[in-house]
Amino acid sequence: MIRSKFVTLILAGLLIISALPAGAQSDGPVYIVQPGDTLFAIARRFGTTVEAILEINAIADSARIFPGTELTIPGFSGVSGVLEFRTVTFGETLETIARQYAVDPADLARLNRVVKLDTLYAGQSLIVPQPELEEAPALAGTPRMVAREQTRLEMAARQNTNPWSLELLTGETAPRWQIAGMVLVDTLSDEPPALFFEPLESVTITPLPLVQGQTTVIRVRTTSPVLLEGALGDHQVEYFPGDEQEMVALQGTHALAEPGLREYRLELFDPQNGELVYAFEQAILLEPAGYGSTVLNGVPPETIDPAVTQPEEALIAELLAPRSPVKHWEGPFEDPSRYYTDELIAFFGTRRSYNNGALQYYHTGVDFYGRDTPIYAPAPGYIVFAGPLTVRGNATYIDHGWGVYSGYLHQSEIYVGVGDFVEAGEVIGQVGNTGRVTGPHLHWEIWVGGVPVEPITWIERSFP
Ligand SMILES: [Zn+2]
């Protein structure tokens, strides 16, 4: 009895697969040879052999393959289109992506040599068959996750679309009832894909993949007001109201963070009763930034004594941990040294050894030229620290709100005091050579969510 049920299930599965659109009955998708590719590497990537590729493409001489050569890939006869690389965004699954390109999820998995179908991570590079415009499969479209059991008409009305444009990948018209978790394809919509259940509408994470030392921006849109909580790797993320229906969080990625996968978890709570409404979790790829390394000799020995440096680190980390709810800045930050942006002495992120010691430090900011030249506040905020420190010398830190702070180290003069509110462009001190230095300069830091990040980005673009 059990056995016959099992067989029935398999048969049902086969029926669904056989009902998949056959596409334009192509021999397979087309891969365009990239610089640096070899036939052997291409064969390995798609789980086939050099001989099979040569045969299906009727190529006699394997030396006649160059970057730009179009190769049909054998073993995927149900798939057509040109294979392109595409980054997985947060919330996407193999199934939603397969729906978007009208391919069988199993084929998409095989194309990418994905073994476990439920483990795509955000930031992953995926090969997808991009249909040529005139021959786009009729069933390709925008994936829509069905949030709960509902009628076809109801769902179409809610998504402001034609009920008959919602199709299942199988090519059958969608049944009258849609089942929660089912992925439909909206063939007419240009809207972004609906990947989540209500009230979660979208989650946008930039950059994707995450990069060591960079500021990550997370935007969450919901269809109704909710309270958000969650974490990105080791960091608890705090969200603040952006524009309508949007919550925004800024979080720094540590410059020394181990490249690999980070779990991102988002929890939505009912603002009335505090109950958990919906939670979503997915791994995100973190990539190395390729920072270099350097040895600095001649720094004062007491400034590299852990008995001195560690309490100072702890003091600053504690000072810069709170995330005040008011965002004081608007648009890009101004240049705090004003004249020296193009001539940095030292970049952010470089691994450092002091006096030929271990390469255990890294540069937590950027260094500008200057000597007794003015330092300007790059954006408005409250002064949370102003005074002498052993490593940092005469130091000032400004709280700009939302967990964003800026720091000014090694000053000869400090012109502000704790509790002062400064405007962008206000002179707050002078460049000097106090603390752990080998000469006069302004060391400028930006901290986001308790982590020092690459600061020049904050001058070049507007956050969030
Ligand atoms: Zn520095």
Side-chain angles (χ1 to χ4, degrees), residues 212-215 252-256 289-306 308-310 312-313 315-317 319-320 333-378 385-398 404-414 428-448 450-460:
Q212 286 177 331
Q214 291 294 335
T215 303
T253 303
H254 202 282
L256 301 178
Y291 297 121
S293 62
T294 186
V295 178
L296 289 177
N297 285 316
V299 304
E302 69 273 17
T303 65
I304 50 172
D305 178 0
V308 173
T309 59
Q310 281 171 7
E312 190 176 313
E313 292 304 325
L315 170 83
I316 296 300
L319 191 74
L320 307 186
F333 277 30
E334 292 175 19
D335 173 3
S337 74
R338 201 161 282 189
Y339 306 111
Y340 297 101
T341 306
D342 296 336
E343 297 175 56
L344 293 177
I345 302 172
F347 296 98
F348 172 87
T350 309
R351 276 61 172 147
R352 281 184 163 180
S353 141
Y354 291 104
N355 299 347
N356 286 317
L359 211 60
Q360 58 177 310
Y361 302 92
Y362 76 100
H363 196 218
T364 54
V366 291
D367 292 347
F368 296 108
Y369 281 104
R371 171 177 281 185
D372 298 331
T373 44
I375 300 168
Y376 302 89
F385 184 88
L389 292 165
T390 306
V391 178
R392 288 164 175 74
N394 292 326
T396 303
Y397 281 93
I398 305 175
V404 177
Y405 295 82
S406 59
Y408 309 82
L409 277 52
H410 315 308
Q411 301 172 78
S412 57
E413 301 276 353
I414 296 175
I428 58 168
Q430 273 192 2
V431 178
N433 62 349
T434 54
R436 186 168 66 196
V437 293
T438 54
H441 69 274
L442 169 65
H443 172 102
W444 183 45
E445 289 179 353
I446 297 214
W447 289 57
V448 177
V451 179
V453 295
E454 201 294 299
I456 296 297
T457 322
W458 281 79
I459 296 179
E460 290 174 344

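Along the sequence shown, residues are numbered consecutively beginning with 1. Order of appearance sets the numbers: ligands from 1, and atoms from 1 within every ligand.
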Answer whether the closest heavy-atom distance between the side chains of Gln212 and Leu256 falls below 4.5 Å.
no
Once the angle between the rings of Tyr397 and Trp447 is folded into 0 to 90°, is it parallel (under 30°), tilted (30 to 60°) or perpendicular (over 60°)?
perpendicular
Could you walk me through whether Tyr361 and Tyr354 pass the ring-ring contact (aromatic ring centres under 6.0 Å, His included) check?
CA-CA 8 Å; Tyr361 302 92; Tyr354 291 104; 5.1 Å; yes
N/O/S atom name from His363 that is nearest to the position of the Zn ion (ligand 1):
NE2
Got a salt bridge between Arg352 and Asp367, using NZ or NE/NH1/NH2 to carboxylate O under 4.0 Å?
yes
Among the N, O or S atoms that His443 has, which is closest to the Zn ion (ligand 1)?
ND1
Looking at Asp367, the N/O/S atom that lies nearest to the Zn ion (ligand 1) is called OD1
